[in-house]
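Working notes for the structure below.
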There are 2 protein chains.
Amino acid sequence: MLFPMRDYYTPGEVAERFDLTLDTLRYYEREGLLRRVDRAPSGHRRYRADDVELLGLIRCLRDTDMPIARLREFAELVQAGDHTIHDRLDVLQRHQDLLDRRIAELRAHQTAIQHKIDYYVGVLADNAPRPAEETP
Amino acid sequence: MLFPMRDYYTPGEVAERFDLTLDTLRYYEREGLLRRVDRAPSGHRRYRADDVELLGLIRCLRDTDMPIARLREFAELVQAGDHTIHDRLDVLQRHQDLLDRRIAELRAHQTAIQHKIDYYVGVLADNAPRPAEETP
DNA sequence: ATGGGGCCTGGAGTGCACTCCAGGTCAAGC
DNA sequence: GCTTGACCTGGAGTGCACTCCAGGCCCCAT
């Protein structure tokens, strides 16, 4: 689905765009990751373009395991206005550093697991060098 | 602390080696990640070298987010004997594939976050090109 | 013999991030 | 007028992986 360029977006549209449930969207709002979202006269939420943009970043940060609490702090900086850009940069840069370390750690563990795999492959090769031959 | 080469290891030694709590160690045993561990006459646990080795792998797999349930399946294969090596390889190889994808995903998100960082840096640069100069 | 350290048990509690639910409203289409 | 679908609310429930606790036992050193 192509996401249209509009002033307001419905919960369903936003949920689909970011592959979140409506419940999660409301949960994020409750937790202060989004400001109090606008409403249609019916009471239904109407997300603005900047809500959607922030949600995009939130999604990214959640997908890289930033906890809700830190996301809330970040969202508060966003709400507080442009003078907090330095602080926001700080949060994001620290997160990148953490991600660097996390990726390096994953790769190190992957290497260790590979050694185990290689060991098992060796065991299999020793136990059955050729199908038609008995190991004495 | 140098981990000594012995037949049996105490809970404290094992916990320190893998940076786990005693509670977690017991929890893993309860969850079937380890066989029913040997006991000293006092009732205290005595981990064998192969328990420790398996724990090393478990630690690695947990650190790369393999859920306890899959770890238990793996542990059951280990208990079942050498004829399950092929299945164990399968589990490990799938996990490596998953890790490849996870790392790629993290890197992609990292790139996206970097764009946001670059944007913020740009905003800061525009707002204050030189400290001693007013922006008209 | 006394005190401390290390460990034991069963079971309850925690924190996180959702996820589900009942009962209701609203706007549009038949 | 009635149904359908999208959304609303407050609050409860879920799943995972630990984590904590009370009360107790064993062994060693003072």
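Chain identifiers are assigned alphabetically (A, B, ...) following the order of the sequence lines, protein sequences preceding nucleic acid strands; residue numbering begins at 1 within each chain.
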Expressed as a whole number of angstroms, how long is the span from A/L22:CG to C/dC18:P?
15 Å
Polar side chain donor-acceptor pair, A/Q114 to A/D118, under 3.5 angstrom
yes
Counting only side-chain N and O atoms of B/R26, is one of them less than 4.0 Å from OP1 or OP2 of C/dT9?
no
For atom CZ of A/R94, is the number of surrounding heavy atoms from other residues, nucleotides or ligands below 6.0 Å larger than 12?
no
Select base, sugar-phosphate, or nothing to describe what B/P67 touches, counting heavy atoms under 4.0 Å on all strands.
sugar-phosphate
Starting at atom CG of A/L25, determine the distance to atom C1' of C/dA17, rounded to an integer number of angstrom.
15 Å
Measure CD/B/E13 against P/C/dC7 and give the value in whole Å, please.
8 Å
May I have the distance from B/D65 (atom CG) to C/dC16 (atom C1'), rounded to whole angstrom?
14 Å
Check nucleotides 11-15 of chain C against the protein and report each pair of N or O atoms closer than 3.5 Å, with its distance, or say if there are none.
none

Which whole-number value in Å describes the distance from B/L20 CG to D/dC18 C1'?
11 Å
Can you tell me the distance, in whole Å, between the OH atom of A/Y27 and the P atom of C/dC21?
19 Å
With respect to the side chain of A/I68, which nucleotide from C/dC8, C/dC18, D/dC7 is positioned closest?
C/dC18
Between CZ of B/R45 and C1' of D/dC26 the distance, given in whole Å, is 15 Å
Using whole Å, what does the distance between atom C1' of nucleotide D/dC18 and atom CD1 of B/I58 come to?
15 Å
Indicate if B/L92 and B/L98 have the same hydrophobic cluster label, given that clusters are the connected sets of ILVMFWY residues with side-chain heavy-atom separations under 4.5 angstrom.
no
Are A/R88 and B/Y120 linked by a side-chain donor-acceptor pair shorter than 3.5 Å?
yes
N or O in side chain of B/S42 less than 4.0 angstrom from C/dG6 OP1/OP2:
no
Identify which one of B/R45, B/R35, B/R17 satisfies the salt bridge (Lys or Arg N to Asp or Glu O under 4.0 Å) criterion when paired with B/D51.
B/R35
B/H44 vs B/R62, nearer the 5' end of DNA chain D by closest nucleotide:
B/R62
Flag for A/T64-A/H95: side-chain donor and acceptor within less than 3.5 Å:
yes
Closer than 3.5 angstrom, by distance alone: can the side chain of B/R30 be matched with the main-chain N or O of B/L25 as a donor-acceptor pair?
no
Should B/R39 be listed as having a side-chain N or O under 4.0 Å from OP1 or OP2 of C/dT9?
yes
Distance check: side-chain N/O of B/Y28 vs OP1/OP2 of D/dC18, anything under 4.0 Å?
yes
